[in-house]
Amino acid sequence: MEVMNAFSAEIKAGPAWVFWWVNYMTVVFLLAIPFSFVRVEARWTALVIALQFPAMLWLYTQVGFVRLLGITHIVFWTPLLIYLWRRRHKWRVKETLAGKWIVLLVATMLISLAFDVTDVIRYALGDRG
C-alpha cells in the first residue's frame, strides 16, 4: 500500500493534466469489471490490467517515477490492442454500451501509448526525467 500511495503522490505532484488523464484512464479500465459479465473483451482487459498495474508498481520501486514506466503499457497493452482489433467485427458499437466502451478503451490506450512510446524512447536516449 505504501508503494501505491507514493506512486499516487508522484502523479498528483506532476502536471494537472497528467493527474486528470490517469484518473480518466482508471475509470475507463475499471469499467472492464461490470462489462466482464457480458463481454470476453472486458474479461481480457481486466486480466491485462491486473497484471500490468502491479508490474508498473514493481518497476516504480526499482527505478522511481521516470519515463521508463510506460514500458509496462507497451508490453501489456500492445497484445491486448491486437486482440481487440481482431475482434472489432464483434464489438456491435451501435447496438451495445459495451461496444461503445471498447471503442473508448481502444482510443484511450492508443493515446496513452503515443505518450508511452515517446517517453520510453526519450528515456533510452538519456532523458531520465
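Side chains are part of it too, since the values below use all heavy atoms of this structure and drop only hydrogens, waters and symmetry mates.
Distance OH/Tyr24 to CZ/Phe19: 16.0 Å, rounded to 0.5 Å. Annotation: the span from Met109 atom CE to Asp116 atom CG amounts to 11.5 Å, rounded to 0.5 Å. We find the CZ-CD1 distance between Arg88 and Ile102 to be 13.0 Å, quoted to the nearest 0.5 Å. Distance check, rounded to the nearest 0.5 Å: CG of Leu59 to CZ of Phe7 gives 9.5 Å. Note that CG of Leu105 and CG of Leu110 are 9.5 Å apart. Values are rounded to the nearest 0.5 Å.
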Which atom pairs, one a donor and one an acceptor, fall under 3.5 Å between side chains of residues 76-85 and the rest of the protein, sequence neighbours left out?
residue, atom, partner, partner atom, Å
Thr78, OG1, Ile74, O, 2.7
Tyr83, OH, Arg87, NE, 3.4

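Not one N or O on the side chain of Asp127 forms a donor-acceptor pair closer than 3.5 Å with the backbone of Tyr123. Listed for the Arg39 side chain is a donor-acceptor partner under 3.5 Å among the backbone atoms of Trp91. With Ser112 contributing its side chain and Thr108 its backbone, the two residues share no donor-acceptor pair below 3.5 Å. Side-chain atoms of Trp101 come within 3.5 Å of backbone atoms of Val28 as a donor-acceptor pair (strictly under, hydrogens ignored). The closest donor-acceptor contact from the side chain of Thr96 to the backbone of Val93 lies at 3.5 Å or more, if one exists at all.
Following chains of ILVMFWY side-chain contacts shorter than 4.5 Å, one cannot reach Phe37 starting from Leu30, and the two form parts of different hydrophobic clusters. Follow the hydrophobic side-chain contacts under 4.5 Å out from Val63 and you reach Val75 in the same cluster. No continuous path of hydrophobic side-chain contacts links Ile33 to Phe53 [ILVMFWY only; heavy atoms under 4.5 Å].
For Trp20, the side-chain contact (heavy atoms from CB on, under 4.5 Å) partners two or more places apart in sequence, or in a different chain, are Ala16. Residues meeting the ring pair (Phe, Tyr, Trp, His ring centres under 6.0 Å) test with Trp58, sequence neighbours left out: none.
No side-chain heavy atom of Leu57 sits under 4.5 Å from any side-chain heavy atom of Pro54. Under the 4.5 Å side-chain criterion, counting only non-hydrogen atoms from C-beta, Met4 is not in contact with Tyr60.
Around CZ of Phe115, the count of heavy atoms belonging to other residues, nucleotides or ligands within 6.0 Å does not exceed 12. For NZ of Lys12, the number of neighbouring non-hydrogen atoms (other residues, nucleotides, ligands) closer than 6.0 Å is 12 at most. Residue Glu2 places its CD atom among 12 or fewer non-hydrogen atoms of other residues, nucleotides or ligands, all under 6.0 Å distant. Environment of CH2 in Trp44: sparse, with no more than 12 heavy atoms of neighbouring residues, nucleotides or ligands closer than 6.0 Å.
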- Task: Kindly determine whether Phe35 and Leu97 satisfy side chain to side chain contact (heavy atoms under 4.5 Å, CB included), including the steps that lead there.
- Result: CA-CA 9 Å; Phe35 286 125; Leu97 190 57; 4.0 Å; yes
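Listed here is the closest heavy atom pair of Leu69 and Met56: O-CE, 3.4 Å. Contact detail for Ala46 and Ala32: the closest heavy-atom pair is N-CB, 4.1 Å. The shortest heavy-atom contact between Ser36 and Ala42 is N-CB, 3.4 Å.
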